[in-house]
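To keep things clear, I will list the structure first and then write my remarks on it.
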Amino acid sequence: MTGRDAAYGAAGLAVLFGVAEAVPRLGLVSRDFLPPASEILRTLGHELTTRQLWSALGDTMSAWALGLAIAFVLAVALGTLIDAVPGARAATASTVEFLRPIPSVALIPLATLLFGADLGSSLLLIVYAAFWQVLIQVLYGVADVDPVARETARSYRLGHWTTLRRLVWPTALPYVMTGLRLAASVAFILAVTAELVIGSPGLGLRIQLAQSGGAVATVYALITLAGIIGVVVNLAVRSLERRLLAWHPSVRGEAAA
Amino acid sequence: GDSGEPAGKGASSGSGGGTRSVTIGAIAIVDTAPVYLAQSQGFFKKHGIDAKITSVQGGAASITGVMGGQFAFGFANTTSLLTAQQQGLPLKVVANGVASTGERDTDYSAVLVPEGSPVKSAKDLAGRTVAVNQLKNIGDTTVRAAVRKDGGDASKVEFVEMPFPDMPAALAKGRVDAVWEVEPFVTQATGQGARAVAWPYADAAPDLTVAMYFTTQPTLQKDPELVKDFTAAMNEALAYADAHPDAVREILKSYTSIPAEAIAKIKLPKWPAEINRESVQTVADDARQDGTLTKDADVAALLP
Amino acid sequence: MLEITGLRKVYEGRGRVVEALRGIDLTVERGELVCVVGPSGCGKTTLLKCVAGLLAPTAGQVRLAGRVVDGPPPGMAVVFQEYGRSLFPWLTVSQNVELPLREKRVPGPRRTALVQQALAAVGLADAGSAHPWQLSGGMQQRVAIARAVAYEPQVLLMDEPFAAVDAQTRADLEDLLLGLWHRLGITTMLVTHDIDEAVYLARRVVVLSAAPTVVQEDLHVDLPHDRDQIITRSDPRFAELRAHVYGHIRAAKTDPGRPPAGTMKA
Amino acid sequence: MLEITGLRKVYEGRGRVVEALRGIDLTVERGELVCVVGPSGCGKTTLLKCVAGLLAPTAGQVRLAGRVVDGPPPGMAVVFQEYGRSLFPWLTVSQNVELPLREKRVPGPRRTALVQQALAAVGLADAGSAHPWQLSGGMQQRVAIARAVAYEPQVLLMDEPFAAVDAQTRADLEDLLLGLWHRLGITTMLVTHDIDEAVYLARRVVVLSAAPTVVQEDLHVDLPHDRDQIITRSDPRFAELRAHVYGHIRAAKTDPGRPPAGTMKA
Amino acid sequence: MSRAARLMLGALRVLGLPVLLVAGWWAWSVWRPSFYVPSPQRIAAVFGDVWLTARLGDDVLPSLVRLLAGYVLAALLGVALGTAIGLSGRLRAATEPALEFFRAIPPPVLVPLIMLVAGLDTAMKVLVIASGAIWPVLLNTIEGVRAVDEVLSDTARVYGLRGPARLRRLVLPAASPQIMAGLRQALSIAIILMVIAEMFASTSGIGHTVVLFQRQFQIPEMWSGIVLLGLVGFLLSLAFRALERRVLHWHWHQRETHA
Ligand SMILES: Nc1ncnc2c1ncn2[C@@H]1O[C@H](COP(=O)(O)OP(=O)(O)OP(=O)(O)O)[C@@H](O)[C@H]1O
Ligand SMILES: Nc1ncnc2c1ncn2[C@@H]1O[C@H](COP(=O)(O)OP(=O)(O)OP(=O)(O)O)[C@@H](O)[C@H]1O
Ligand SMILES: [Mg+2]
Ligand SMILES: [Mg+2]
């Protein structure tokens, strides 16, 4: 990210802050239900000084990271396999399409039954939701291999593994990166939601406590924190992308013209 | 269906010393103050129980957790327990949970309407939209009972589902005509100008037993000692909570996020050690009448 | 070595059915260098892909060293007409050249040497660290050639491999190919549009007719074995052969299947 | 019409800095046909893209009809070296040719006529409904040419437009271009590797040096105005000019910036 | 292969794995019977009673209407915004952090806020669905638009394709493979959010009913709802695939014929 990009991004956030400050102050929404942005940030600042918040954050982020990693590895492996095994795409399509729209939230009873309010519950929900995001992107990505490039690989008799590593994955990478970005936020959302709904410890539980305690500013402060984490995670994925996709038109194009 | 795994992870015997580790699933609201007090005041320890309280989102979650063996004991409201029992879940109540104060103006739950609403009392709710936290649960059952008692047509009340914390805003915006709230939101909403028109817990039955602590039949059979000790500890805690409102307000600061100034103002429920069996029967009958329950409930089998 | 019998290829798709090859019979001896010429769109690329085992024939078959080709055989290198798309954009030039060698388990130091030699031979010694999309068209084509050269194949298939380079570079690359062919005895099949090039390089020139495509002429090039850009091209026999092929292509375009008027006995 | 002054282009990216053009000065009159030749990778494509307004020069400028070029000017057509990638794969061949005409608001019936004429002229009258990826390389290149021809531009830039077609087709397309040029007086700049082609087509041949790239030679082709594939190419002056250009390219490759030994006065 | 044999093979492909999975489930439910994991027969037995009666009109239909409205809104907004953002580096830099901020906010906590703005009715649910389903469309559109082939985009510039024509003839078709990937993702997300939206302030809908069953401990009924959600997703994806075949035929054919 260049300095200019950062400045633009900051300007965008500033506009958002301005709107969130103005709406309650102008009375469009009562301050009791949506406090002004400055008050939210103040509350967030206060929350950040408490130890409970950091330990909750640690719980949430570790569930997030673990769940995302499991979902990502599973989806990439399965997606590649489906692409590599002839007929597998057709054989799995109906099942994938059936299972994909089943909401994680509907699995909550199952999760509670199996894991109670432990990490396992959160993981089950996170992995289930994030997995499909990556899988679909992988399936589209691996199907996008340039035919001439594939013929090149075949004629030089590149092995399955080399073809996978040197041709299929690089082609799918832009799709997979988008999948990773989607899955990262879905995993985070599910981590928070699981805590919110099941009550396993973490940021979501704190949001739930704040909600049922009627502490509106705290609720929004915690939501804001969730959003900030999203921005940070995206920055990380973007910088990863710039390194991995330096060759791709979408990245290299920015340097030229 | 089956019985679930009795006393799985939820309870495990300590080595010889007689202390048993127990996980309890309970929602973190005002109602469950005694169980936290039981822990902080040492009632559990006194009875050889090393308790861990896990916060859950609602009664259904704690019932599922208890059924799955994740919790040895759970906390759920009367309607949830009756519904679960009717579906064949072998639940057994082991201690009282929380009760209404029985007096209209001081009760900790109320139906609120915005300033200037034409609704004057419960019977005016007919033809109106009322928000409750969960449909087919204790809220709509008791609100209907209150409307009937007041001479209104309970079948004309429209219910819509909404989490308690979102109700004050919806009420202020006029999205609904009335809301059924509990503390601390009753205090919050009345502070913003809302007016109480009915007190369903107080209206539905005298000294209504709102919620209870429970376990599964298999746990009861396998480890009656543990259950007995839990009941004893809880009964002490209930009595203590009833007698020491300041201790209750103090402990609320530790496990809820209710702002300190609200804690000082909110109305507290009652925590009698005795379950009011008639009130449970009344709730069961009302629920049966509304169709929330599909069969006559076997209250005796559920209660100890 | 390479026997093509009754090869037929029909492309079917979305209403458009194209008979790219009607019936090709052709034999290439081990170590022979054959050039294939023919009108644009007559099926040269299709023929090459069938030989490479990349495309399944509709009828007929291709045999290499006695075995039916049903997939790319080992020890074969291909330079594709769409050279740009056959390079992997995420790899540098050296990595592109090196990749097949890795797969062939050529040991590290030898690999590096082969890559450097091949790049130097095509005049790209200092472009090794660039990515393909940073190169000009001709440079990309030369990378594809370097990849094939470094691979040291037994069978080499090239589809218009010098189309994107200037005359001088083209001459240099032609001589590079001849040198390699002499040194390793590679069985080579090369598609070209340049008739001079075909006659200069080949021991045999195969002329394909326009669609429906058959072998219109199979011409033995009886020029001296050692070729030289100046001497060979100024040989009167060279001009004769050249005119002969040109006449055939001309005829192929206008009236397929029939030899052109005034055919010269070659 | 077209004035290029002090044009310099440096590609900078990821450690690799390439000075593709050092300083080009060149003027093309309205209606002139100029061929550009030079060693592979010397910057011909870069020059063409700067003229087309697709690439911003590092220094210097390009003026067209007095206006500085900072984006593609109207009434210009370009045939790209990467012809395959310049066709829209989701459109059929006719739609590809038609698209710029639509944009130019050519009325429907006239559009259809132009498309059909152009496709027929490049020998693809019956491939109109195919998609580009169903065609051979040479056919794709001809679609790109047909698109430029149908557009009836005032300025035509072509980057090795005949590289992928056979000799006969190439000759036909050359004459097609000359015919068009005569008819419409199009200002044309054509990059080619084929020196014969450059001399045959052009009124002027510009030879670029190898990097660092400058104009090494700007040669007036004093052949009779009306060209004919047989007559012109057998003119002794044609052979002289050809040898002259070849010598320059050879020199450019080995020793840039200096004219080759034994330069002939053209 | 005969026509009948091909049909058989096709059926085996589509049904093979599902049949295996259902059989596995059934075996499990027999081996370890559990209140919360009823056997497939039980679920199938209640399915008709639960969903093919009055609920079809009262719950299923309204849900589907909200679903489609939310999905279409997300698709239109996502493609429009994504194209604008993908085309302009500056706009992308300015909006990305703000968008990422919203993307990380869990819909369940966003619902109360949307309720403040849009009330409790269909509008709120449609907004909730759109607010979550937009992300895969948006992200994929941005990336697809950014990745348009340079030669192609140069060609378009030269021939004067500008403004809407450039969008319609170059940018959108070129990005369409990736946009379709996003639209497909969004389809299942929309269903998931339909359930979440119906969990709040709702009195009807598939999601509402499933959650109600869950809290009423009517477990086979709850599972039948999950199966229904799966079926809805499956049917919609069939429709989607038909659309995709038309829109992307050039893409898939280009990649098939050579492979
Ligand atoms: N996008 C790019 N990024 C970096 N370097 C580039 C880029 N495009 C071209 N170059 C470099 O600029 C130089 C000139 O390239 P150009 O494509 O103009 O050559 P050319 O004369 O057209 O060659 P050819 O005849 O092989 O097509 C080359 O050294 C090439 O590596
Ligand atoms: N993938 C394809 N799908 C359909 N038709 C195709 C396909 N590839 C080639 N064809 C058709 O087959 C015929 C022969 O094509 P091929 O590419 O083999 O020609 P070629 O001799 O290599 O031509 P060129 O010299 O122009 O490269 C052409 O008519 C072409 O349209
Ligand atoms: Mg070809
Ligand atoms: Mg070039």
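Quick note on labels: first sequence line is chain A, next is B, and so on, each numbered from 1. This one's a predicted model, so the numbers in the text were calculated from it and none came from an experiment.
Contact annotation for E:L235: neither backbone nor side-chain heavy atoms come within less than 4.5 Å of a heavy atom of chain A. At a 4.5 Å heavy-atom cutoff, the contact between A:L16 and chain E is made by side-chain atoms alone. If you measure heavy-atom distances from E:R241 to chain A, the contacts under 4.5 Å come from the side chain alone. Contact of A:A11 with chain E is not made at all, since no heavy-atom distance falls under 4.5 Å.
A donor-acceptor pair is defined here as one N or O able to donate and one able to accept, closer than 3.5 Å; no such pair exists between the side chain of E:R184 and the backbone of A:Y140.
Looking at A:F98 and E:V227, their side chains come closer than 4.5 Å, going by heavy atoms from C-beta outward. In this structure, the side chains of A:E97 and E:L238 stay at 4.5 Å or more apart for every pair of heavy atoms. By the 4.5 Å heavy-atom criterion applied to side chains, E:F101 and A:T224 are counted as neighbours. Here the side chains of E:R103 and A:L182 are in contact, with some heavy-atom distance below 4.5 Å. The side-chain heavy atoms of A:R238 and E:E96, taken from C-beta on, include a pair separated by under 4.5 Å. In this structure, A:N234 and E:L99 have side chains that are not in contact, with every pair of non-hydrogen atoms separated by 4.5 Å or more.
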Check: Where do A:D144 and E:Q178 land on the side-chain hydrogen bond (donor to acceptor under 3.5 Å, both in side chains) test, with the steps shown first?
Finding: CA-CA 10 Å; A:D144 200 27; E:Q178 219 160 337; over 6 Å; no
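Heavy-atom pairs under 4.5 Å with chain E were tallied for A:G9, A:G230, A:A226; the largest tally goes to A:G9. Among E:P97, E:P136, E:A190, the residue with the largest count of heavy-atom pairs under 4.5 Å with chain A is E:P97.
Annotation: side chain to side chain donor-acceptor pair (under 3.5 Å) contacts of E:T155 (sequence neighbours excluded): none.
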